[in-house]
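Scroll down for the structure; my scribbles are underneath it.
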Amino acid sequence: MNAQDSNILIALIRKILDVWGGFRDFFRFSSSIFSSFQSFKHLRFRSIYTIAINQTRFTGIDALPLIISIALLLGGTVIIQATKNFPKFGIEGFIGNLLVLIIARELGPLATAMIVVSRSGSAIAAEIATQKQNKELHALEVMGVNTILFIVFPRIMGSILAIFSLIIIFDIVAFFGGYIISLSTVFIPIDIFIESLLDSFSFEDLVITLMKSIIYGILIPLIASYYGFKPQSDFQIPIYVSRAVVRTLLILFVINAFISALFYF
Amino acid sequence: MEGNICNNGRDEQEEMLSFDGVSYEDEKSVSLVDISFALYRGETLVVFGPENSGVDIICPLVAGLITEYDGDIYYRKYQIRDFNYLDRYDYRKGLGYLQRNYGLINNMSVEENIALPLKYHSQLSTREIADVVGTFISNLNLEHCRNLRPVDLRQSEALKTAYARSVIQNPDMLLVEHAMEGQCPINSLTFLKNLAMRTGDSDKTTLFVTFEPERFLDFASKFLMLYNGNVVFEGCREDFLRQDNPYLKQYLAMSLSGPMRIL
């Protein structure tokens, strides 16, 4: 092995150790949430109510125009492609199956999560990082306020509720909005469209949608908060906000693939 | 260094806080070297000294934010370092801490900032909390800005809001860290008036950390000066005014010549 090869190997090992160290650090942070539940009995929900409501509003209601637009465009594209091309293969009766497969099972949760990460994940990371630099977290700590319970917990609650609602809205808009858009190019009778959808939709799909929304609802604010607590100075804030978004997206794709493989393989 | 400054008949009173041979060093080389002092119920201590003298470490040590140090710090005879997770939160719940830069929560109004400790910790109803907060807002002349966010506040309004938040639970001990620096002397009078009422209460203990000890002359029962992490002066109000100590003399005269090397 020459010097260049060994340098590459050393760099690779260093990178793997860095990634491993990052996972351990994140695990420690996540564990601190469980240990913070020790002071749960002291927590009065009126003190976190506003934070949870604001988070739900920002993540859910404020994201609706974007979610609806993207759902319409994605739904329309999928339906137009399916209705144009399925007849060529003689499988036009499977349009409902395709919609459930593509939109309800995969695109809906994933696209919703991506929008939430880019809007709310980045906002959570930036807000916490700014609070840390402004010594607000320090002030909370010395007041005896558990920062994890006060900052992270209501955001997780708000995100779970908002993401679940957004996924349902995304799917409905994608199905029916997409159907309406597709009418400009092809015609499918509405009763056949609905029947095809209902035939394809199973209870399992609903359970998995719920499961994904809970997992994404926990992971997005958790990872964003983890990176929000990281900056040691003002100039590090954009670095960690960017990391929060990129790494959350990566983890979401991995989790999405894992869940799909687990249930549908 | 010996602990009890101006110990006139204080022995029978409850010891609220004591530092016993505390030494601390961090990577920024700010340090404390074998510091000892005791603070009794009802007393007001002013800790001062130049930048990098170690004064900025005192409040974080008392609040239990720093736990890696040598020596012992006791609050009512309980070792702060030995507090477990719940003890530490209970301890901080009962401690007032007016920190440097105030640490007001930026997405909350003045009223919400002041109410936060009560909303989080107390059993009071929302209406009772509103009444208590209203009294503080009125006493501190904050009526005009009760719905403003910290970003819209003047320095003196931010100070008064932070003060109200730190004492709203009526803590037995209050830590005040560099509160008056950069404040308008006229606009901060309401704050000083309220502070004087509090420090005048024989049941309340206060610890000031400041670069301007003379501003607290009216309230302080004793003074402690640090330089390079060591106690270089300790005494009561009269000792402070006498200025027999060369370090104190140089500090108050703001002179470049004296035992302290000025940065």
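Please read these numbers as outputs of a predicted model, since none were measured by experiment. Residue numbering restarts at 1 for every chain, and letters A, B, ... go by the order of the sequence lines.
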Side chain, backbone, both or neither of [X] within contact of chain B (heavy atoms, under 4.5 Å):
X	result
A:Asn146	both
A:Leu140	side chain
A:Gln131	side chain

Is the number of heavy atoms from other residues, nucleotides or ligands under 6.0 Å of A:Met157 CE greater than 12? no

If one checks every heavy atom of B:Ser122 against chain A at 4.5 Å, the contacting part turns out to be both

For the pair A:His138 (side chain) and B:Leu65 (backbone), establish whether a donor and an acceptor sit closer than 3.5 Å, ignoring hydrogens and angles. no

Do you know which of B:Leu124, B:Asn101, B:Leu175 has the most heavy-atom pairs with chain A at a distance under 4.5 angstrom? B:Leu124

Quick one: which residues of [range] reach chain A at under 4.5 angstrom, heavy atoms only?
range	answer
residues 104-120 of chain B	B:Leu104, B:Ile105, B:Asn106, B:Asn107, B:Met108, B:Leu116, B:Pro117, B:Leu118, B:Lys119, B:Tyr120
residues 127-161 of chain B	B:Ile129
residues 69-100 of chain B	B:Tyr85, B:Leu86, B:Tyr89, B:Asp90, B:Arg92, B:Lys93, B:Leu95, B:Tyr97, B:Gln99

If you look at every heavy atom in A:Ala139 and B:Gly103, which pair is closest and at what distance? CB-O, 3.2 Å

Show me, pair by pair, the donor-acceptor contacts under 3.5 angstrom made by side chains of residues 229-238 of chain A, not counting sequence neighbours?
{"residue": "A:Lys230", "atom": "NZ", "partner": "A:Asp25", "partner atom": "OD2", "Å": "2.4"}
{"residue": "A:Gln232", "atom": "NE2", "partner": "A:Lys230", "partner atom": "O", "Å": "3.3"}
{"residue": "A:Gln236", "atom": "OE1", "partner": "A:Gln232", "partner atom": "N", "Å": "2.6"}

Answer key: most heavy-atom pairs under 4.5 Å with chain B among A:Glu136, A:Glu141, A:Glu127, A:Lys135 is A:Glu136

Are B:Arg165 and A:Met143 packed together at the side-chain level, in the sense that at least one heavy-atom pair is separated by less than 4.5 angstrom? yes

